[in-house]
Amino acid sequence: MSVPLIYTAAGIFLFLLGTYGLVAYAHLLRKILAANIMGSGVFMAFIAVAGRTPGAPDPVPHAMVLTGIVVTVAFTSVALALAVRIARTSSRVHLSGRDEEQ
Amino acid sequence: MTPGPLLLFDLLLPAVLLWLAWRSLTSSDLFRAVILFIAFNLLLALAWVRLEAPDVALAEAAIGAGVTGTLLLAALTRIESAAGRRLSRPARWRPAALVLTGTALLAAAAGLLWSLRLLPTMPGGLGPLVDRHLAESGVDHPVTAVLLNFRGYDTLLEVAVLLLAVIAIWCLDEAVPFLQQPLESPLLTGFNRMMLPILLLSAGYLLWLGSHAPGGAFQAASLLAAGLLLALFSGASLPAQWSGLPLRLLLVLGFLAFLAAAIIGPLTGRALLHYPPAWVKPLILLVEWLLTLSIALILTATVIGGRPTGSRPYPPPASPAAEGRQR
Amino acid sequence: MDAVLLTHPWSVWTIIVPLAAAVLAFLVPRRAPLAGIITALSVALFVAATAYRIFLAGPHTQMLGGWQAPLGITLRADGPALIMLLTSGLVGLTVSLYATGYFTAADRQQRYFWPLWLLLWAACNALFLSGDLFNLYVTLELVTLSSIALAALNGSPAALDGAMRYLLAGLLGSLSYLLGVALIYGAYGTVDLTLLGQTVRADGLSRAALALMTAGLLLKTALFPLHFWLPPAHASAPPPVSALLSGLVVKAPLLILFRLWFEVFPDTATAGMAHLLGILGCGAIIWGSLMALRQQRLKLLVAYSTVAQIGYFFLLFPLARGEAAATAWVGVFLLVLAHGCSKASMFLVCGTITRLAGHDRLAGLAGAGGTLGARLLVFALAAVTLVGMPPSSGFIAKWLLINAAIVAGQWWYLATIALGTLLASGYVLRVLSLAFTESQSPPLPVAPRILRWPPLALSVVAVLLGLAAFHPAVLTLAGAPVSGIILLEMVP
């Protein structure tokens, strides 16, 4: 098993771990954190799977992942602003229709 | 890359990353979870270095750990001051749902890992193609060439996403001050006096570096944003007369410059973003500098987390045609 | 004159103009409605010019930055993209006009509606034209983020909740899609749709990538049973926003799905996978319609009707295999156009009714004569297309779909289409019957003109499109991945 494949596999596991966190936790901040971990997993798989070319590393996936990181930070900032707004208007830290304290 | 003396490192690093991610997801104290998440991102930067992606490593450390970490901490403070401090535990699931979800995730993992064996042994990336056209791109660093020239359209839309984030956040809420009063600690003031010039210098250096080595607009912008945030923490603020149109102009400046450079093409019978050969270098340089300034302000604005309150909030009613006014 | 008309890349301006206008609207909020109207008119013109060029000179591409794929990104103006642009132009123009009358209070909502909507418009048009898997990811994110901000526009707890659900579902969907793109890049070293279409092998890796991307996009399209986020987000947003979300935004991930399944992975996708999507589509039609029948609020009823209508689009996957391919293809794209116009019109009428009556509870609208009754008639006119009664465009579209089902010998899809139509008539009649119930209600003021005419005009266009369906039908097949004759007669 080559080195990039180890990281690709780790990326896939991070993605699934994040998916679990996003589904299993009710606290909005935790959901956002989980989505970020999912994103990191995708980026890691992307760089690693494209890093198997012989010779100098391929710059195109690097540029794409940079774009992905920036897009994710934009999403995260809006998600957090929404979560803060929800906490301030209705004193909730989770979506409606779920039990408190979960 | 084949397994060599670094094999132990290559097995250990992903394992530690997975462990940190797991701890960050399951720790019931959210503050702890965020700190673990920042540590996760810093180690991730190490993984990018190992995967020979220094540009991504810089961006991960600056944006992934720095900006995202600050965003999470700021949001956590605000959420807890609004809704009280809560412990966060996983929802109590019915066993059937747990088994079903677990099976689905494990099956997905198995399927994906199994499909990886079908990856071609000698993949053909776009690296050679980028190298062949690098001389025409106006920059000497391949990643910057892809970002600002070959796939510049992606970057243009990406800056639009950033701008959109600010508009969305401003639409949601007014800015809440970070601190009830500025921290008056001689240590912080001294630290800031030292750090601000260093951050400014390193931002400029990174931006200059980006034309021929790892670095560039986004990394430089996040350093600049760090400097701006430090200044904000120690009580600096934008004068009220600046927080209206002048601030908005600075926020959109980079995007507008990029857009203007992009439409030179269709206006002169070329494709979108096709720069006249003689202008490539100066155009890209100008766009990059203005982008750095705007992105730094955009990142700062996302951490502040609301529209400025100093300015006149709304324009006066536009027309007397208010017959259809709400109820 | 013709030389310019037939060579200039008109379609690019449908992206650039709204982008620039969005920045202007953000800078000078007072002039935002004016910028919006000018943009709406010019986008309509540019779409018309693109249609003219495609009609006379065929589909065309543009290599951005002058770089050929796989190094650069390609924009493609082909038939499917054009139908989407037409929908975007019609819905966008109408909603922009309506919004100048709806957001008049010079408040936070008006100030932020215009930059957000113009960015959304640019993003939708960019997505429709994109011919690059990774660029599709970026445009899709721009579409999703602006939709979320718009869904949260009125700041009510319900709207914030709906927007948050939308955001989390959107993130899950786009990251799943991106992981699929990563696998594809690792295997083939390119993300250009045309190049991939020529090189993709039908193996397990392609199937894994297709499954990841499809799952992500299904979540974003809100196909049953992944529709949980759609009704709260669409029903709690301001009406012009609901019209955009239902009429335009759900079609964006849908087009990516069509491009993936029919252009990039035509051989990878097995008949079983296609039927799975078809069955989920049937589930959406029945479940969405039943839920619409049960709703107590007008806007929720219309939102669940969107859940149902999305199901019809997914019948393309099983039906467009074999000799009925072209018929099903044209039918579904006509349905996209028809549904966009009729659904946008219905949400706008909802907005006018809510503004007049102060609420949208169905029970409270009983005996809605007079000015409300007139609004309900416009609702009925839009519903003619939605249900698929002749001579509307919805009728032609469903006729083609039914023909495709008969030719393909897939009777269960035929039965679902029939049942869906019956249920749709049911929930529409439930609304209409309100106008004929006896009840005492105080007289209401007449709504301003700008809240009355745009929805009426759009529903009339949707009906008339049925009489002039020939041109859109022919255009749909320009550069489409399927070809063949359009079967207009029932030949089992």
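Residue numbers start from 1 in every chain, and the chains themselves are labelled A, B, ... in the order their sequence lines are given, proteins ahead of strands. All of these numbers come straight from a predicted model, not from anything done at the bench.
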Q: Spell out the residues in residues 13-21 of chain A that have some non-hydrogen atom less than 4.5 Å away from a non-hydrogen atom of chain C, in order of number; otherwise answer 'none'.
A: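 Contacts with chain C: A:Phe15, A:Thr19.
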Q: Write down the atom of A:Leu22, the atom of C:Leu172, and the distance for their closest heavy-atom approach.
A: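 A:Leu22 and C:Leu172 have their closest heavy atoms at CD2-CD1, 3.6 Å.
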Q: Name the atoms and distances for all side-chain donor-acceptor pairs under 3.5 Å in residues 37-45 of chain A, with sequence neighbours left out.
A:
| unit_1 | atom_1 | unit_2 | atom_2 | d |
| --- | --- | --- | --- | --- |
| A:Ser40 | OG | A:Asn36 | O | 3.1 |

Q: Taking it one step at a time, do C:Met164 and A:Ser96 satisfy side-chain contact (heavy atoms from CB on, under 4.5 Å)?
A: CA-CA 10 Å; C:Met164 193 75 207; A:Ser96 63; over 6 Å; no
Q: By side-chain hydrogen bond (donor to acceptor under 3.5 Å, both in side chains), which residues pair with C:Arg259, not counting sequence neighbours?
A: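 Scan of C:Arg259 (side-chain hydrogen bond (donor to acceptor under 3.5 Å, both in side chains), adjacent residues dropped) gives C:Asp78, C:Glu263.
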Q: With a 4.5 angstrom heavy-atom cut-off, could you sort out which part of A:Arg85 is near chain C: side chain, backbone, both or neither?
A: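 Contact with chain C involves both backbone and side-chain atoms of A:Arg85.
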Q: Report the residues that fulfil side-chain hydrogen bond (donor to acceptor under 3.5 Å, both in side chains) with C:Thr194, sequence neighbours left out, ordered by chain and then residue number.
A: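 Partners of C:Thr194 under the side-chain hydrogen bond (donor to acceptor under 3.5 Å, both in side chains) test: C:Arg76.
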Q: For chain C, which of A:Leu82, A:Thr89, A:Val49 has the most heavy-atom pairs under 4.5 Å?
A: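 When all of A:Leu82, A:Thr89, A:Val49 are compared, A:Leu82 has the most.
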Q: Supply the atom-to-atom distance A:Thr67 OG1 to C:Phe134 CZ, rounded to the nearest 0.5 angstrom.
A: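 These two atoms lie 4.5 Å from each other.
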Q: Restricting to non-hydrogen atoms, name the atom on A:Ala35 and the atom on C:Leu175 that form the minimum distance, rounded to 0.1 Å.
A: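 For A:Ala35 and C:Leu175, the tightest heavy-atom pair comes out as O-CD1, 3.5 Å.
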Q: Quick one: what part of C:Ile148 sits under 4.5 Å from any heavy atom of chain A, side chain, backbone, both or neither?
A: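 It is the side chain, since no backbone atom gets that close.
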Q: The test is side-chain contact (heavy atoms from CB on, under 4.5 Å); show your working for C:Val138 and A:Met64 and say whether it passes.
A: CA-CA 10 Å; C:Val138 181; A:Met64 288 175 178; over 6 Å; no
Q: C:Glu141 and A:Phe75: which non-hydrogen atoms are nearest, and at how many Å?
A: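 So the two residues come closest at OE2-CE1, 3.6 Å.
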Q: Please report the interatomic distance CG(C:Leu167) to NZ(A:Lys31), rounded to the nearest 0.5 Å.
A: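 Those atoms lie 11.5 Å apart.
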Q: Can you confirm whether more than 12 heavy atoms, excluding those of C:Arg201, are under 6.0 Å from its CZ atom?
A: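 Counting neighbours around CZ of C:Arg201, more than 12 heavy atoms of other residues, nucleotides or ligands fall under 6.0 Å, so yes.
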Q: Does any backbone or side-chain atom of C:Ser176 lie under 4.5 Å from a heavy atom of chain A? Answer side chain, backbone, both or neither.
A: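 Both backbone and side chain.
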